Amino acid sequence: MRQILLSLLVSIPLVACSTKETPGHDHGKAAATQTPAAVPSPTPMPHDHAASTAGARPHADHNPRHGGLVTMEGDNHVEVVVGADGAIDLYASDALRTPIPPKDVTGTITIEPKGKGEKQTLTLAPNEAKGSLSAKGPAPDKADYTWDLKVRGAPMKMTLTVPPGGTASLVDAPADHPAGDHAHGSPHGGVVQSVPGGHVEVKLEKSGDITVWMLDAAEKPRSAKGVKASLRPVVAGAKEVELAYDEKADVLRGKIDPVKQDHVDGVLSITPAGGTATSLRFAFHLEGPAGAGAGHDGHKGHEGHTGHEGH
């Protein structure tokens, strides 16, 4: 009897676990007679901003938060805002653009006019209400603004040429060519902006080589002869570079030190032959094996906003 009971106990789980079908069993018919289980409705999850930004790529965001121009050195960013009345605000942030409290930043800003006026250095004071380091200087009139900071102990020194009207002149689209009016192409792989009477295309490469093409309203080549231009990359230690006319290629050329960053802003000062001087901000994106200065369209997003500086 004991042997019979053991045999039964062993055979029961084997039968229960067997996947062998019973002859004549119709799965489709069986499924049709079963009541489907109710599927629970998905519960909306609250948006977690911290989680959504946790995977953000460092230095991938150069969007201005305060209408200024964003610069980068090392792991830190500084957005520079110079008002038409001379008010100066610098907003520091880390690699992911998380704001750095003003108490963690100290420094000065030196204003050096290109024309009339005396060079002066101002101490930047924390402005807790704005979250910035601030100072009050003269109304900008094409001057070099050099900030010398310690951001959580890390040095950060750069120079930006600010036209009349302040940094808004570099960020806002000109009144005679509103943002979104049309999309720009890239005939030579550079960044295209509007200028009075047409367009200008600028290409910055990792090697530091700069090339400027003059284009007409349809973005077709036009002569660069007689055009005067200079470019200042917003990079630590970078100098303003005068661009020379290359008669054979009918373009303007210049060279700076090799560029280490993937994202570089530059301010182009350009005077067409017999035309009006203009200041334009370009955002160059140098990622990829080619390292060419391709950027976003001049009228899409923050990178291509332009400003005209009349004289």
Side-chain angles (χ1 to χ4, degrees), residues 59-64 68-72 160-161 163 167 169-174 177-222 224 227-235 238 240-243 246 249-272 277-309:
H59 307 303
D61 175 12
H62 278 198
N63 292 297
L69 187 143
V70 178
T71 66
M72 180 186 77
L160 173 67
T161 303
T167 49
S169 297
L170 296 171
V171 178
D172 294 334
H177 197 78
D181 184 50
H182 69 266
H184 286 148
S186 181
H188 306 93
V191 188
V192 176
Q193 299 273 25
S194 298
V195 293
H199 300 84
V200 60
E201 181 178 4
V202 182
K203 187 174 185 180
L204 173 65
E205 301 181 67
K206 280 276 192 178
S207 61
D209 290 297
I210 303 165
T211 309
V212 174
W213 294 265
M214 300 303 296
L215 308 173
D216 64 15
E219 298 184 13
K220 301 298 183 183
R222 62 172 175 162
V227 178
K228 295 182 179 179
S230 61
L231 181 74
R232 180 191 288 279
V234 189
V235 177
E240 188 167 16
V241 178
E242 295 291 335
L243 304 178
D246 181 338
D250 199 11
V251 297
L252 301 175
R253 298 190 188 279
K255 188 174 179 64
I256 60 173
D257 291 335
V259 181
K260 298 179 181 179
Q261 296 91 332
D262 285 337
H263 301 267
V264 176
D265 276 11
V267 175
L268 178 75
S269 298
I270 185 167
T271 306
T278 302
S279 287
L280 302 170
R281 179 170 77 97
F282 287 79
F284 302 103
H285 296 260
L286 309 179
E287 303 96 329
H296 291 281
D297 179 272
H299 293 296
K300 293 182 180 179
H302 77 286
E303 290 89 349
H305 285 170
T306 66
H308 286 202
E309 172 200 341

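Predicted model, so just to flag it, every value in this text is computed and none were measured. FYI, side chains are in, hydrogens and waters are out, and symmetry mates aren't considered; it's all heavy atoms of this structure.
- The two residues A229 and L252 come nearest to each other via the heavy atoms CB-CD1, 3.8 Å.
- Take D257 and apply the salt bridge (charged side-chain N to carboxylate O under 4.0 Å, His left out) test, not counting sequence neighbours, and it matches no residue.
- The two residues G68 and T167 make their nearest non-hydrogen contact at CA-OG1, 4.4 Å.
- Between L170 and R281, the shortest heavy-atom contact is O-CB, 3.5 Å.
- Exactly one residue among V191, V234, V267 makes a side-chain contact (heavy atoms from CB on, under 4.5 Å) with F282. That residue is V191.
- In this structure, NE2 on H263 lies 8.5 Å from CG on L286, to the nearest 0.5 angstrom.
- Considering NE2 of H199 and NZ of K220, their distance stands at 12.5 Å, rounded to 0.5 Å.
- Rounding to the nearest 0.5 Å places NE2 of H285 at 11.5 Å from CG of L204.
- The CD1 atom of I270 lies 7.0 Å from the CG atom of L280; values are rounded to the nearest 0.5 Å.
- Taking each heavy atom of P163 and S169 in turn, the nearest pair found is CG-CB, 3.9 Å.
- Under the rule for a side-chain contact (heavy atoms from CB on, under 4.5 Å), the partners of Q261 that lie at least two apart in sequence or sit in another chain are M72, V235, V259, V264.
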Before giving the answer on side-chain contact (heavy atoms from CB on, under 4.5 Å), spell out for K206 and D262 the whole-Å C-alpha distance, their side-chain angles and the decisive distance to 0.1 Å.
CA-CA 9 Å; K206 280 276 192 178; D262 285 337; 3.1 Å; yes
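- Summarising the geometry, atom CD1 belonging to I256 is positioned 11.0 Å from atom CD belonging to E205; distances are rounded to the nearest 0.5 Å.
- Taking the salt bridge (charged side-chain N to carboxylate O under 4.0 Å, His left out) definition, one finds that D216 meets it with nothing, sequence neighbours left out.
- R232 meets the side-chain hydrogen bond (donor to acceptor under 3.5 Å, both in side chains) test with D144, T161; sequence neighbours excluded.
- Below 30°, between 30° and 60°, or above 60°: for W213 and H188 the angle between ring planes is below 30°, a parallel geometry.
- Counting all heavy atoms, side chain and backbone alike, L231 lies closest to G266 at CD1-C, 4.2 Å.
- Residues that satisfy the salt bridge (charged side-chain N to carboxylate O under 4.0 Å, His left out) test with K228, not counting sequence neighbours, are absent from this structure.
- Between L268 and L243, some side-chain heavy-atom pair lies under the 4.5 Å cut-off.
- For the pair S269 and E240, the tightest heavy-atom approach, listed with the atom from each and the gap, is OG-OE2, 4.1 Å.
- When the side-chain contact (heavy atoms from CB on, under 4.5 Å) test is applied to P187, the partners found at least two apart in sequence or on another chain are V192, E201, L215, E219.
- Counting heavy atoms from C-beta outward, D265 and L160 have side chains that stay 4.5 Å or more apart.
- Counting only heavy atoms from C-beta outward, the side chains of M214 and V200 approach each other to under 4.5 Å.
- At distances below 3.5 Å, not a single donor-acceptor pair connects side-chain atoms of K255 with backbone N or O atoms of V241.
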